[in-house]
Amino acid sequence: MSLRLYDSATHAVRPFEPLVPGQVGIYLCGATVQAPPHIGHVRSALAFDVLVRWLRRTGHRVTMVRNVTDIDDKILAKANEAGQEWWALAYANERAFTAAYDALGLLPPTYEPRATGHVPAMVELMERLVDRGHAYVAGPGEVWFDVRSWSAYGELTHQSVDDMKPSSDATDGVAKHHPADFALWKAAKPHEPESASWDTPFGRGRPGWHLECSAMAQRYLGDSFDIHAGGLDLRFPHHENEQAQSRAAGFGFAQYWLHNGWVTISGSKMGKSLGNSLLVSTLLADVAPAVLRYALVGVRYRSMLEWTPETLSDAAATWERLASFVERTADAGADLAAVALPEAFVAAMDDDLDIPAALAVVHETLRAGNTALAAGRRDDAAASALVLRAMLDVLGLDPTAWSTTGDARAAAALDVLVEAQLEARAAARGARDFSAADAIRDRLVTAGIAVEDSPTGSRWSLA
RNA sequence: GGUGGAGUGGCCGAGUGGCGAGGCAGCGGCCUGCAAAGCCGUCUACACGGGUUCGAGUCCCGUCUCCACCUCCA
């Protein structure tokens, strides 16, 4: 049995067969950098980060493309409000996204193209569409895709153009031939900065959102590629339009469509419009990045993830359990790629990345390891730890990779001091002077240092 | 109006008709000088009403409720 993925174009779980065996091309719709990332944004990135890790672990060479949309209406509007250059605002937010991705341990994408760097490729694509009769120029710098020229339009989301609610934007786009026609190129407007438009054979303007992704996907992954991924909310119109453009231009485009569910609060989608966005930077001020990663990765990628006040503390408790076991047993130098993964874990991951089921195997392994440790079977415990780490590594959660060493010199000094205290406590306990022993422990606990006794001695950790 | 998703125990969250998901929290126990950690056990479930079946959270029909996309959205 090998990987099966839910393809949202066909609404079915399909065996995953790459176009070229052993090689996988993935295009993930990345951020429109108009604001710093909230946890919904990084959930999407994390979901497909795990996909990449699993594909690599199972022997595939993966090319991962995650774009940055660095120009759009909102970026221009916000920059204008703030009295800032649009590109300065975009870049500041791009940096914030990169910082969040790095903090959460995402593997870097193979390519991370920016829309503004690919205008020539977009122009080429537009020319192709105009030549083939699938796009028309309505005015200087104004180019539309002609949905009626493409009979397959609506195939991705199983909708028919005639049944769609007429959009509000249908009325202002007087130059459109059909309300569902969408912009490939938007004409430069007088009040917009000169730097926000480019010359094209059709006039001056800037790219429409959908066109960017089609052009960049083709540039880095070729005419046909394996997987196109993104948030569920992008299915329509964005992904429908991308597919229509690319296929109308004669390209095979994506073979599988994967869409992640979003983060909800009280059942409703998290988003700026609802004012319930939780920024990554805010949460990371209070919680270890691995804990946030665990919380966001532990739910099936295409389910909604309900965020509650307990989510982070639950994740923290579980993470502590995993990390402290590994800390007590693991050999940090081991080659995890060489470790055989439990069958049940593999089966769960192959089943459209059923991470909750995979985590059940992780917890079984953890329990077996703790039992071995308590029984003094060090070798068995170490073996469990190795398997545990190999599984967690697939999820980007190997605790040894997340250990917070901090300042090594300060840590060494602290160790000497705490060990001295623990020796004094051990002496007191030996003399059955428990009030003295407890006084030492209480002082340490107050200072944020947890003490645990065991038959082989006491150990300490920063709580 | 069109298209789609969802309703599982205190919370989160899997579930491919045939014992038990898993985690967090709770309760009881073991261990401990006392703790902590760990281990063992344990209480709370499948929105509602019918039906099919030897057997249904899982299939069928109906009802209710919620969410989303069709405008920018991970």
Side-chain angles (χ1 to χ4, degrees), chain A residues 8 11 13 28-32 34-35 37-48 72-74 77 154 157-170 172 180 209 229-238 240 259-264 266-273 294-295 298-300 302-311 313-322 324-325 328 344 348 351 354-364 366-367 369-375 429 432-435 437-438 441-442 445 450-455 458-459 461 463:
Chain A
S8 43
H11 293 251
V13 175
L28 169 63
C29 279
T32 298
Q34 40 159 292
H38 63 235
I39 56 176
H41 294 120
V42 292
R43 186 202 177 185
S44 178
L46 282 165
F48 300 111
D72 86 325
D73 293 351
K74 276 196 182 167
T157 50
H158 308 105
Q159 300 180 87
S160 105
V161 168
D162 304 321
D163 290 335
M164 290 174 200
K165 214 181 202 172
S167 69
S168 56
D169 136 278
D172 59 15
W209 180 32
L232 199 49
D233 41 4
L234 301 186
R235 256 177 359 140
F236 193 91
H238 185 49
E240 187 74 68
H259 288 105
N260 65 278
W262 40 70
V263 178
T264 58
S266 302
S268 294
K269 181 186 176 189
M270 176 185 294
K272 283 184 289 289
S273 51
Y294 186 95
V299 174
R300 255 200 136 148
R302 65 189 164 92
S303 302
M304 299 300 167
L305 191 166
E306 173 68 10
W307 195 265
T308 72
E310 294 87 45
T311 303
S313 56
D314 287 3
T318 308
W319 173 253
E320 279 310 314
R321 225 161 93 76
L322 290 163
S324 84
F325 170 69
R328 276 174 288 174
D351 182 14
D354 188 352
I355 293 176
L359 283 174
V361 182
V362 166
H363 286 107
E364 278 166 27
L366 172 64
R367 187 175 305 111
N370 269 322
T371 301
L373 198 60
R429 289 176 75 205
R432 302 195 65 78
D433 182 357
F434 295 121
S435 62
D438 288 350
R441 184 173 63 192
D442 289 347
V445 168
V451 177
E452 293 170 20
D453 299 331
S454 78
S458 302
R459 61 185 286 279
S461 58

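Residue numbers start from 1 in every chain, and the chains themselves are labelled A, B, ... in the order their sequence lines are given, proteins ahead of strands.
Using a 4.5 Å heavy-atom threshold, the side chains of S454(A) and R328(A) count as separate. Residues L305(A) and M270(A) form no side-chain contact, since every pair of their non-hydrogen atoms from C-beta on lies 4.5 Å or further apart. Taking the side chain as every heavy atom from C-beta outward, H38(A) and V263(A) never approach each other to under 4.5 Å. Inter-residue side-chain proximity for E306(A) and V299(A) is flagged as unmet; no heavy-atom pair is nearer than 4.5 Å. Side-chain contact between R321(A) and T318(A) is absent, with no heavy atoms from C-beta onward closer than 4.5 Å.
What separates CG of L359(A) from P of C12(B) is a distance of 18 Å, to the nearest Å. Going from atom CG of L373(A) over to atom P of G38(B) covers 11 Å, rounded to whole Å. Separating the CZ atom of F434(A) from the P atom of G33(B) is a distance of 7 Å, rounded to the nearest angstrom. We find that CZ of F236(A) is positioned 14 Å from C1' of C72(B), with the value rounded to whole Å. H38(A) has its NE2 atom 7 Å from the P atom of A74(B), to the nearest Å.
For the 3.5 Å distance criterion, the side chains of R367(A) and T371(A) fail to qualify, holding no donor opposite an acceptor. Side-chain contact annotation: Q34(A) with T32(A), donor-acceptor N/O pair under 3.5 Å absent.
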Interface polar pairs with nucleotides 2-6 of chain B, N/O, under 3.5 angstrom:
| unit_1 | atom_1 | unit_2 | atom_2 | d |
| --- | --- | --- | --- | --- |
| G2(B) | N2 | Q159(A) | OE1 | 3.2 |
| U3(B) | O2' | T157(A) | O | 3.0 |

Distances for protein N/O vs nucleotides 23-28 of chain B N/O pairs under 3.5 angstrom?
| unit_1 | atom_1 | unit_2 | atom_2 | d |
| --- | --- | --- | --- | --- |
| G23(B) | OP1 | R367(A) | NH2 | 2.6 |
| G23(B) | O2' | T318(A) | OG1 | 2.5 |
| G23(B) | N2 | D314(A) | OD2 | 3.4 |
| C24(B) | OP1 | R321(A) | NE | 3.2 |
| C24(B) | O2' | D314(A) | OD1 | 2.5 |

Can you check nucleotides 29-32 of chain B for protein contacts, nitrogen or oxygen pairs under 3.5 Å, and list what you find?
none

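Side-chain N/O atoms of N370(A) include one lying less than 4.0 angstrom from OP1 or OP2 on C39(B). OP1 or OP2 of A14(B) sits under 4.0 Å from a side-chain N or O of S303(A). A close approach under 4.0 Å does not occur between any side-chain nitrogen or oxygen of K269(A) and OP1 or OP2 of A74(B).
Taking a pair as Watson-Crick or G-U with both hydrogen-bonding distances under 3.5 Å, the stems of three or more pairs touching RNA chain B are B:1-7 with B:64-70, B:10-12 with B:22-24, B:26-30 with B:38-42, B:47-51 with B:59-63.
Residues satisfying the side-chain hydrogen bond (donor to acceptor under 3.5 Å, both in side chains) criterion with D233(A), sequence neighbours excluded, are K269(A). For D442(A), there are no side-chain hydrogen bond (donor to acceptor under 3.5 Å, both in side chains) partners two or more places apart in sequence or in a different chain.
Using a 4.0 Å heavy-atom criterion, one finds that G40(A) contacts the bases of the nucleic acid, with or without backbone contacts as well. Contact annotation for V263(A): base contact, defined as any heavy-atom pair under 4.0 Å involving a base atom. L305(A) comes within 4.0 angstrom of sugar-phosphate atoms only, judged by non-hydrogen atoms across all strands, and of no base.
In terms of position along RNA chain B, the nucleotide closest to G267(A) lies nearer the 5' end than the nucleotide closest to the other residue of the pair R43(A) and G267(A). Both T264(A) and D73(A) lie close to RNA chain B; mapped to their nearest nucleotides by heavy-atom distance, the more 5′-ward contact belongs to T264(A).
For R459(A) against A37(B), a side-chain-to-base donor-acceptor contact under 3.5 Å is absent.
Aromatic ring pairs are classed by plane angle as parallel below 30°, tilted from 30° to 60° and perpendicular above 60°; the pair Y294(A) and W319(A) is tilted.
Side-chain proximity of E306(A) to the nucleotides G13(B), A74(B), C69(B) is greatest for G13(B).
Closest approach of W262(A) to R43(A), counting heavy atoms only: O-NH1, 3.2 Å.
Comparing G15(B) with U53(B), their P atoms are spaced 28 Å from each other, to the whole Å.
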